[in-house]
Q: 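Got a structure for you, questions after.
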Amino acid sequence: MSKVIGMGNALVDILTRLQDDTILSELKYPKGSMQLVNIEEVANVLLATRDFPRNQASGGSAANTIHGLANLGVETGFFGKVGRDEWGAFFRSDLEKRSIKPYLLESDNESGRAFALISPDSERTFATFLGAAVELAHHEIPDSLFDDYSILHIEGYLVQNRDLIRHALQLAKSKGLKVSLDLASFNVVEDNLDFLHEMVEKYVDILFANEEEAKAFTGLAEEEALHKISEFCDLTVLKLGKKGSVIKHHDEIVKIAPIQVESLDTTGAGDLYASGFLFGMIHGLSIQQCGRIGSLLAGKVIEVIGPKMDDATWNMIKEEVAALMN
Ligand SMILES: OC[C@H]1O[C@H](O)[C@H](O)[C@@H]1O
């Protein structure tokens, strides 16, 4: 069976449930966005949210996708960088628990953390301190890293390190891997448009984007954006949140209905959609089935706080996935 390796920011998520959106206005964070913050701003976020309930989970967009695949039984690996601290140890042990091969480099700097501020309507806004994650450098990618794998999944959040992305994608393609990219966040796309266009046009086979990201990437809305992106990629997946998703594979267009659930926290929804979709692809399923499995996983993860689900939930998911495979 195909094996999948992920590369991304190795982060621990600190998830805080807000009572309303006042704190977002006070901190000047656009709702639903991701902003990079320094260690001083981390102190501000912690102070501003000190009275609200907090959870911790291992995170990072690509790592979340890899966790989802691993939970479904796919052989996986993850390449990233953490600090020699409690968060780095937590991130590593979570990979190991799921039998994900950890290619984790270590730094003397603190591990990265993503502060997810969850609004009552379940939208999440990120203040991300990259810490050690941002130090991952192109020359640290071992030449043999991709040798055992057939798909490389990476996240748009890595754009702060363009040499790293370029080198990884070139190496992956030279070894015959398919490249899957999740655009990550509309403001990441807006701020790195030319670079992302170059990478997508040259190297990306499978692209995941939500409506806002696709619009930022193409200047077009919904299906027009889908058509534009699919000029460059074999497979384009446009995630439309409550409206479901639409996928273009060469000339085939497939619409996937959303799953009706009570959403608590949208953190990881797109990442888990990618897990389900890639799982379906690896098993040679139809585009319709791949999309349905993606949608199922996205629907399940938004019913919990954070991007990780417990074993009991995964057992239920696996039964539903098995049914969707027939
Ligand atoms: O896509 C969601 C993930 O992105 C951020 O990087 C957080 O770590 C979170 O888990």
Side-chain angles (χ1 to χ4, degrees), residues 6-17 29 31-37 42 45 54-71 78-83 87-88 90-92 94-95 98 100 104 110-119 122-134 136 153-161 165 180-189 191-192 207-213 237 239 241 263-278 294 297-298 300-302 304-309:
M7 189 174 103
N9 290 320
L11 303 175
V12 172
D13 289 356
I14 313 292
L15 304 129
T16 305
R17 296 172 73 176
Y29 297 163
K31 189 169 174 178
S33 66
M34 186 286 289
Q35 35 272 303
L36 296 177
V37 297
V42 166
V45 176
R54 264 187 209 139
N55 298 50
Q56 176 175 303
S58 73
S61 174
N64 291 339
T65 298
I66 293 298
H67 268 268
L69 283 161
N71 276 296
F78 179 80
F79 182 62
K81 193 179 261 198
V82 292
W87 298 289
F90 178 70
F91 187 90
R92 180 187 291 277
D94 242 20
L95 291 181
R98 299 293 168 190
I100 299 165
L104 274 190
E110 285 184 34
S111 296
R113 274 152 286 155
F115 295 85
L117 307 180
I118 305 160
S119 297
S122 83
E123 177 64 287
R124 88 290 179 272
T125 303
F126 284 115
T128 305
F129 168 70
L130 288 172
V134 77
L136 195 64
H153 179 76
I154 68 163
E155 59 184 55
Y157 287 128
L158 276 180
V159 282
Q160 74 283 343
N161 194 337
I165 296 192
S180 156
L181 168 72
D182 192 317
L183 283 181
S185 172
F186 67 90
N187 54 328
V188 164
V189 178
D191 295 346
N192 300 278
L207 185 128
F208 295 93
N210 67 22
E211 256 177 308
E212 289 168 313
E213 293 152 14
V237 180
K239 298 164 288 177
S263 176
L264 205 55
D265 170 21
T266 55
T267 304
D271 307 334
L272 271 293
Y273 185 107
S275 310
F277 194 91
L278 294 175
L297 266 62
K300 293 288 182 195
V301 80
I302 63 177
V304 302
I305 297 290
K308 298 288 168 333
M309 293 174 279

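FYI, side chains are in, hydrogens and waters are out, and symmetry mates aren't considered; it's all heavy atoms of this structure. All ligand and atom numbering here is 1-based and tracks the order in the structure.
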Q: Go through ligand 1 atom by atom and flag the ones less than 4.0 Å from a non-hydrogen atom of Asp271.
A: 1 (O), 2 (C), 3 (C)
Q: Could you list which atoms of ligand 1 come closer than 4.0 Å to a heavy atom of Ala114?
A: 7 (C), 8 (O)
Q: Before we go on, tell me: are the rings of Phe208 and Phe277 under 6.0 Å apart, centre to centre?
A: yes
Q: Quick one about Asp271 and Ser61 (side-chain donor to acceptor, distance below 3.5 Å, no hydrogens or angles considered), yes or no?
A: yes
Q: Would you mind running through ligand 1 and noting each atom that sits below 4.0 Å from a heavy atom of Asn64?
A: 2 (C), 3 (C), 9 (C), 10 (O)
Q: For atom 6 (O) of ligand 1, what is the nearest protein heavy atom, given as residue, atom name and distance?
A: Leu11 CD1, 3.4 Å
Q: What atoms in ligand 1 come closer than 4.0 Å to a heavy atom of Pro307?
A: 10 (O)
Q: So, does Arg124 use its side chain to make a donor-acceptor pair with the main chain of Gly32 at under 3.5 Å?
A: yes
Q: Starting from atom 4 (O) of ligand 1, which protein heavy atom do you reach first, and at what distance in Å?
A: Tyr157 CE1, 3.6 Å
Q: Would Asn9 count as a contact residue for ligand 1, given that I'm defining contact as a non-hydrogen atom of the residue lying under 4.0 Å from a ligand atom?
A: no
Q: Do Phe78 and Phe91 have ring centroids that are under 6.0 Å from one another?
A: yes
Q: Is a side-chain N or O of Ser122 found less than 3.5 angstrom from the main chain of Asp265, in a donor-acceptor match?
A: no
Q: Among all protein heavy atoms, pick the one closest to atom 9 (C) of ligand 1 and tell me residue, atom and distance.
A: Asp13 OD2, 3.2 Å
Q: Around atom 5 (C) of ligand 1, find the nearest protein heavy atom and jot down its residue, atom name and distance.
A: Phe126 CZ, 3.9 Å
Q: Counting only heavy atoms not in Arg98, do more than 12 sit closer than 6.0 Å to its CZ atom?
A: yes
Q: Quick one, Val134 with Asn161, criterion side-chain contact (heavy atoms from CB on, under 4.5 Å). Give me CA distance, side-chain angles, the key distance, then yes/no.
A: CA-CA 7 Å; Val134 77; Asn161 194 337; 5.7 Å; no
